[in-house]
Amino acid sequence: MNLPLNIDLQQILLHLLNFAVLSFGLYLLLYNPIKKFIKKREDYYRDLDNKAEEKLKKAEELESAYKKRLENVESEIKEIRAKAAEETKQATDALLENAREQAAKIVSQAREAAQKEREKILENAQKEIASMAVAAAEKLLSQSATDTLDQFLLSVKKE
Amino acid sequence: MEVLLIDKGTYSKSSLRRRRIIIKGKKTAIIIVWVLVILALLVGALLTGSAEKHETIKEVMRDAVLHDSNQISFFGIINVNPAFISAVVVSATLLVAAAIIRIFVIPKFKIIPGRFQLLLEQLVKFFMDFAEKNSPHRNRFLGAYIFGAGMYIFVGTIFELFGFQAVTTKGHPVALPAPLSDINGAITMGCLSYLVVISGGIAGNGPKGILRALKDFSMPLSMSFRLFGALLSGVLVTELLYYYLQLSFGLPVVAGVLFTLLHALVQTYVLIMLTSSSYGEVSEPHKKVKSNA
């Protein structure tokens with residue numbers, strides 16, 4: 001069959017066969033291995049990226065945990081400080097109270113002792129005064145005339 | 001230059017100036033010798049004259065288009081057009097180069113690539129990305145096809161620059177043309193590309209895909225003749241330039257090398273672009289849109 005422009009089916013088929021062999025060979029020898037390597041490299045970098053992202057995430061988590069912990073530590077310190085201040089205040093108050101109580105006790109004991117001393121002094125003074133009075137009376141009696149006493153006694157009797 | 005820079009520290013200014021003058025003198029001598037050789041070749045060519053022509057320019061051009069007289073015996077089995085010999089040589093060269101690269105280069109690929117590895121990767125990636133961009137749904141086979149086709153068209157077109165000679169069945173020497181400057185080679189590429197597009201349609205949309213691909217029925221014809229026309233024009237211009245001795249100096253550098261390189265790139269790009277976009281169009285899965293009404 002004569003086709004225009006000397007188109008030859010046999011040669012078309014030969015070209016087709018040649019190109020099929022070439023493209024299959026190029027696919028097997030170049031395209032596929034290089035494509036696989038490119039994919040391998042992409043996977044490698046993706047893996048690196050994922051790992052880095054994972055590490056970053058972990059670091060961020062740690063950072064937030066530490067921050068939280070730091071915040072808690074501050075509040076804990078505040079609590080401990082407040083508690084210590086409270087305890088100190090309570091201890092101081094107790095000490096003061098104790099001191100006051102002791103002071104009051106000492107004062108009352110001193111008062112009591114002073115009272116007893118006074119009473120004792122008064123008693124002694126009374127006794128002395130009485131003895132002095134008796135002595136004075138005895139002295140008067142011994143020095144004055146018995147008449148005067150008699151007269152006095154008689155007047156008292158008449159009355 | 002590097003030597004001079006290194007020597008700057010050790011040589012005095014006067015010795016440096018002397019060295020520069022010597023180097024400049026050497027360069028001038030090389031240029032003069034080169035120009036003399038060119039002139040000698042030109043004079044030699046003009047004096048010896050061109051070999052006896054067994055064909056007129058009309059016959060040469062006619063044969064470049066029709067290949068009805070100059071045929072080459074393919075291992076004594078069958079007579080074929082010279083372009084088929086070119087196709088076989090190009091394919092063999094590419095396959096041998098690919099095998100060498102596969103055996104000696106690819107196993108030594110590194111994560112951080114060297115220059116040659118980068119070149120190979122960029123080449124493959126260009127076709128991969130091209131297929132992916134034009135046919136996002138289905139591109140695995142397309143990528144492999146346009147890689148093969150692109151390499152074949154580009155290297156095949158560059159091949160005509162070398163001007164390898166073969167002997168025809170009539171005993172005349174003939175320069176091997178680009179494989180696709182033969183209408184049969186161009187028809188093969190055009191029709192095969194169309195078949196690839198149809199296969200994409202079938203793979204993507206089943207029998208309906210064939211119907212979608214059939215609407216571009218003119219594609220194989222346009223692809224084939226575009227390739228044939230573009231590459232044949234290169235062959236004709238080269239034949240014309242080399243047929244006349246007076247045109248063979250200087251002009252082939254522009255008309256031959258630059259135009260060949262340019263149309264090798266353009267034709268490669270056009271074929272893979274048309275095939276990829278058509279493949280992407282027909283293989284795109286079509287979903288039925290439910291109307292709200």
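Naming convention: chains lettered A, B, ... in sequence-line order (proteins, then strands); numbering from 1 in each chain.
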Rounded to the nearest 0.5 Å, how far does [atom2] of [Y] lie from [atom1] of [X]?
X      : Y      : atom1 : atom2 : value
B:I153 : A:F19  : CD1   : CZ    : 7.5 Å
A:Q11  : B:I183 : CD    : CD1   : 12.0 Å
B:F127 : A:L30  : CZ    : CG    : 11.5 Å
B:L123 : A:I34  : CG    : CD1   : 7.5 Å
B:I187 : A:I7   : CD1   : CD1   : 3.5 Å
A:L29  : B:I106 : CG    : CD1   : 8.0 Å

What part of [X] is in contact with chain A, defined as an atom under 4.5 angstrom from a non-hydrogen atom: side chain, backbone, both or neither?
X      : answer
B:L120 : both
B:I78  : side chain
B:A149 : both

Checklist entry - With a 4.5 angstrom heavy-atom cut-off, which part of A:F24 approaches chain B: side chain, backbone, both or neither? => result neither
Checklist entry - Mind checking which of residues 92-115 of chain A sit less than 4.5 Å from chain B, heavy atom to heavy atom? => result none
Checklist entry - How are the rings of A:F37 and B:F109 set relative to one another: parallel (under 30°), tilted (30 to 60°) or perpendicular (over 60°)? => result perpendicular
Next on the checklist: Once you measure the plane-to-plane angle for B:F147 and A:Y31, does it fall in the parallel (<30°), tilted (30-60°) or perpendicular (>60°) bin?
Outcome noted: tilted
Next on the checklist: Just to verify, what does B:Y269 make a ring-ring contact (aromatic ring centres under 6.0 Å, His included) with, not counting sequence neighbours?
Outcome noted: B:F130
